[in-house]
Enquirer: 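Here's a structure for you.
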Amino acid sequence: MIAKVIVDVPSSQTDRLYDYEIPEEWIEIVQVGIRVIVPFGPRKIQGFVVDIVSESTFEKTKPIIEVMDVVPILTDELIQLGEWLSEQTLSFRLSAYQLMIPAALRTKVKKEVHLKTERQKISKEILPLFEKENKIPWEQVSKNNRLLKVIHQFVKDGFLEITYQVEEKGKKKTERYIKLASTHLEIEDIPSRAVKQKEVLSYVAQHKEPISVQALLDATNTTRHVLTTLIKKGYVQEIELEVYRDPLAGTNYERTEPRSLTAKQTEVITPIWESLEGEAHQTFLLHGVTGSGKTEVYLQSIDKSLRAGKEAIVLVPEISLTPQMVQRFKGRFGSKVAVLHSGLSMGEKYDEWRKILRKEVQVVVGARSAIFAPFTNIGIIIIDEEHETSYKQEEHPRYHARDVAIKRGQYYKCPVILGSATPSLESYARAIKGVYNLLPLTERVNNRPMPAVNVIDMREELRQGNRSMFSQVLLEKLRERIAKGEQSVLFLNRRGYSTFVMCRDCGYVATCDHCDISLTYHRTNHSLKCHYCGHEEKMPNTCESCGSDHIRFFGSGTQKVEEELTRVLPEAKVIRMDIDTTRRKGAHEKLLTAFGKGEADILLGTQMIAKGLDFPKITLVGVLAADSMLHIPDFRSAERTFQLMEQVSGRAGRHDLAGEVIIQSYTPNHYSIELVRTHDYDQFFKMEMSQRKMGLYPPYVFMVLINISHVELTHVINVSEKITTFLKRQLASDTVVLGPVASPLTRIKDRYRYQCMIKYRNESGLRETLREIQQHYIREMNQGQLQVSIDMHPYIFI
DNA sequence: AGCACGCCGACT
DNA sequence: GTCGGCGTGCTC
């Protein structure tokens with residue numbers, strides 16, 4: 001029998017199936033979906049078995065060396081899905097499969113040199129290497145060419161051997177447990193004076209299951225000594241048992257019961273349940289305003305799925321995967337829930353994933369990659385905040401979780417729910433066209449009003465002589481809240497202290513040496529940072545260009561706002577949340593908990609506070625610079641502005657106290673800002689669609705972005721031009737090929753970046769054409785200088 | 001990605 | 001002559 005294997009070598013030349021002989025004794029063991037170790041040239045490497053056939057068309061197949069899994073780690077469905085995914089995203093099949101397994105299972109191959117003979121036969125030159133052991137790691141000799149030569153000679157002579165050890169990165173965690181020994185000794189045999197021994201033994205005897213050492217010692221209030229004696233005497237034995245790392249250890253979840261649904265909720269849940277029960281796949285777009293009770297619809301739909309003996313996947317954006325969010329699912333479904341997100345350690349992720357594989361849980365709540373959860377009987381897939389761009393992976397394979405969800409939904413004939421208060425234009429357009437089933441949920445539960453939104457014209461403020469970043473109204477409202485003991489949230493989509501640093505005399509702006517971007521001043525360590533490559537330098541005292549000391553800061557980031565706040569509102573206690581204050585593990589939660597406990601009056605932050613925050617005392621939300629996103633050269637900037645403003649507004653007045661929103665803007669009449677006032681999504685959709693139609697942007701067309709980068713500017717331009725010309729020749733006449741143009745960020749990390757863009761409606765041969773481009777530049781890309789990356793349906797254009 | 005093979009310039 | 005530089009092509 002022959003196993004078709006995808007080998008663990010990420011390159012386009014090896015992105016195909018390799019045939020390996022299944023040794024007679026493993027015919028029963030080798031199955032589709034397991035990992036194996038196979039010989040590959042002179043090396044041995046890992047591979048995924050994706051098919052088993054009776055014979056190979058290849059002449060000399062080598063046998064499989066080792067089997068890595070007893071149970072398949074990829075289901076047939078996932079293997080198919082990976083093939084589809086690699087075709088869709090133009091990436092390697094291997095990369096697709098690696099997405100589906102936890103990092104802990106990714107193997108590292110350790111290369112070693114082994115001594116195979118008596119030391120006397122080895123030359124003096126390399127003898128010292130084997131002083132301690134008969135093997136040394138390859139890294140110890142790989143840098144030394146002289147040594148390599150000698151080693152190669154000895155390998156030829158058979159005195160040394162080069163071996164490849166395949167190791168998994170993650171380990172299963174084990175703990176020591178105590179159970180009764182199989183040799184039945186009677187408790188009466190213990191001398192009566194050994195009171196503690198008797199006590200411990202009877203405790204063990206009372207419990208059927210093995211008990212962890214620590215638990216036993218705690219329960220019997222004794223020390224390790226007594227236990228050791230019992231083990232020595234042969235009454236009990238110590239065993240190692242595999243345990244799960246519990247990322248949520250110590251947290252207790254309050255059980256919640258299904259709430260009775262409102263009439264509106266019932267109306268939207270009915271078709272979902274019908275799809276579930278009828279096993280008829282459908283994609284639903286649940287358009288529910290903030291506070292309309294979308295989550296309860298999710299929960300009861302999941303419950304329905306579980307009752308039908310099926311599983312559920314729930315995706316939420318990474319940043320909103322807060323304990324608050326997890327709590328809602330754990331509260332309802334308890335231990336049936338696994339949680340997957342980037343905050344977990346590699347081991348924790350591995351454990352959560354194994355619970356899914358072993359069917360110990362039926363619900364998974366996680367960020368983007370949780371869409372690949374290895375369930376085999378999915379009853380429902382939910383994507384919350386479906387408009388979030390974080391569902392698109394921005395590195396290869398550049399997939400969108402929404403597409404994967406629908407693909408899996410079709411396979412399992414189950415409903416897929418896309419939920420959002422501000423759906424992406426693409427999804428809403430599809431819903432209107434009838435491709436998705438639109439489920440509007442336009443009223444808030446208990447008829448709570450949407451927060452009142454007040455847009456402040458900052459030009460007017462300026463005219464009245466207010467040059468600060470807080471409008472009169474905002475300041476007044478902030479003071480009011482502090483006086484009343486209520487809380488406020490201030491939002492600014494920019495971290496650091498200032499956006500750029502300029503010399504007043506000559507106009508010189510400090511820029512990064514490696515990127516074409518101005519540096520941001522960070523007050524905390526008095527330095528200038530590049531937000532793209534991480535480069536950091538000391539803040540100069542004089543202008544680098546003219547030597548003047550009139551260096552000034554322009555624009556403001558969260559750090560500056562924080563400083564300003566303490567100046568104008570000295571009585572306010574402020575918590576700042578941005579990447580800089582939340583980088584440390586757990587910092588995010590700590591700051592939120594502090595705010596929740598009322599330890600601060602104002603929460604000041606970037607993007608990350610726009611979602612999921614739900615504190616009863618927040619009654620004021622202020623957006624300091626609503627335009628900051630609007631003027632980014634990206635066709636989605638208006639959409640993002642509207643979504644963000646709506647999202648942020650949703651933080652206010654979620655409970656008994658009414659909420660209020662202040663939006664400061666220099667372009668208050670732009671529809672993306674003005675329509676937030678009335679929370680009018682439909683109107684926004686209409687306006688934005690007409691813009692998209694005029695500019696020929698999605699959802700009217702599909703896009704492909706090709707990024708080309710190289711250290712040499714002339715070469716980038718050259719390659720980009722060739723690619724564009726090729727595309728124009730190959731593609732349909734109604735397809736638009738734009739470029740090549742310099743990327744908005746022309747240089748990052750010393751590499752020049754150009755791009756070509758494709759806008760198309762129908763293009764059957766597109767993927768083949770793009771594959772040809774990839775194929776054509778393989779050589780040059782392998783050599784390391786050139787990068788050509790293709791992004792289907794891009795979200796980031798810089 | 002590695003690794004071997006093979007073809008040219010520079011040195012014992 | 002040979003050592004070692006890197007370009008080229010293969011891995012079931």
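So you know, we letter chains A, B, ... as the sequences are listed, proteins then strands, and number each from 1.
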Enquirer: Between A/R636 and A/E426, is the closest basic N to carboxylate O distance under 4.0 Å?
Expert: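 Yes.
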
Enquirer: State which of C/dC12, C/dT8, B/dA1 makes the closest approach to the side chain of A/P10.
Expert: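 Out of C/dC12, C/dT8, B/dA1, the nucleotide with an atom closest to A/P10's side chain is B/dA1.
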
Enquirer: Is A/K62 close enough to C/dC12 that one of its side-chain N or O atoms is under 4.0 Å from OP1 or OP2 there?
Expert: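 So the side-chain polar atoms of A/K62 do come within 4.0 Å of the phosphate oxygens OP1 or OP2 of C/dC12, strictly under.
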
Enquirer: To the nearest Å, give me how far apart OH (A/Y18) and P (B/dA1) are.
Expert: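 To the nearest whole Å, that distance equals 14 Å.
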
Enquirer: Nearest-Å distance, CD1 (A/I37) to C1' (C/dC12)?
Expert: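 For the pair A/I37 CD1 and C/dC12 C1', the rounded distance is 16 Å.
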
Enquirer: Any base atoms under 4.0 Å from A/S11, or only sugar-phosphate, or nothing? Heavy atoms, all strands.
Expert: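 Answer is base: heavy atoms of A/S11 come under 4.0 Å of a base.
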
Enquirer: Measure from CD1 on A/I45 to P on C/dC10 and round the result to the nearest Å.
Expert: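 Computing the A/I45:CD1 to C/dC10:P distance gives 17 Å.
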
Enquirer: Please assess A/I2 against A/E21 for the test side-chain contact (heavy atoms from CB on, under 4.5 Å), listing each intermediate value before the final yes or no.
Expert: CA-CA 5 Å; A/I2 297 294; A/E21 182 91 35; 4.3 Å; yes

Enquirer: In whole Å, I'd like the distance from the CZ atom of A/R106 to the P atom of B/dA1.
Expert: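 In whole Å, B/dA1 P lies 16 Å from A/R106 CZ.
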
Enquirer: Test A/E87 against A/R767 for salt bridge (charged side-chain N to carboxylate O under 4.0 Å, His left out), laying out the working first.
Expert: CA-CA 8 Å; A/E87 279 163 16; A/R767 286 195 170 76; over 6 Å; no

Enquirer: Could you give the CZ-to-P distance, from A/R43 to B/dA4, as a whole number of Å?
Expert: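 Answer to the nearest Å: 10 Å.
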
Enquirer: Kindly say whether, by distance alone, the side chain of A/E59 makes a donor-acceptor pair under 3.5 Å with the base of C/dC12?
Expert: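 Between C/dC12 and A/E59, which were checked side chain against base, a qualifying N/O pair under 3.5 Å is absent.
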
Enquirer: Take atom CD1 of A/I778 and atom P of C/dC10, then tell me their distance rounded to the nearest Å.
Expert: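 Roughly 13 Å, once rounded to whole Å.
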
Enquirer: Are C/dC12 and A/F58 stacked, with the base six-membered ring and the side-chain ring centres under 5.5 Å apart and planes under 30°?
Expert: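 Answer is yes, a stack.
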
Enquirer: Among A/R354, A/K355, A/K349, which one satisfies side chain to side chain donor-acceptor pair (under 3.5 Å) with A/E352?
Expert: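 Of the listed options, the one satisfying the test is A/K355.
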
Enquirer: What's the closest nucleotide to the side chain of A/R779 if the choices are C/dC12, B/dC3, C/dT8?
Expert: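 It is C/dT8.
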
Enquirer: Give, for atom CG of A/N377 and atom CD of A/E77, the distance between the pair rounded to the nearest 0.5 Å.
Expert: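 That separation rounds to 11.0 Å.
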
Enquirer: Figure out the CG/C1' separation between A/D19 and C/dC12, and round it to whole Å.
Expert: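 Between C1' of C/dC12 and CG of A/D19: 6 Å.
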
Enquirer: Using a 4.0 Å heavy-atom cut-off, does A/K4 contact any base of the nucleic acid, only the sugar-phosphate backbone, or nothing at all?
Expert: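 Nothing, no nucleic acid heavy atom in range.
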
Enquirer: Among C/dT8, C/dC12, B/dA1, which nucleotide sits nearest the side chain of A/R16?
Expert: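 Among C/dT8, C/dC12, B/dA1, the one nearest the side chain of A/R16 is C/dC12.
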
Enquirer: Considering just the side-chain nitrogens and oxygens of A/K111, establish if one lies under 4.0 Å of OP1 or OP2 belonging to B/dG2.
Expert: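 No, no such contact exists.
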
Enquirer: Taking CD from A/Q775 and P from C/dG9, how many angstroms apart are they, rounded to a whole number?
Expert: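 Those two atoms, CD and P, are 14 Å apart.
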
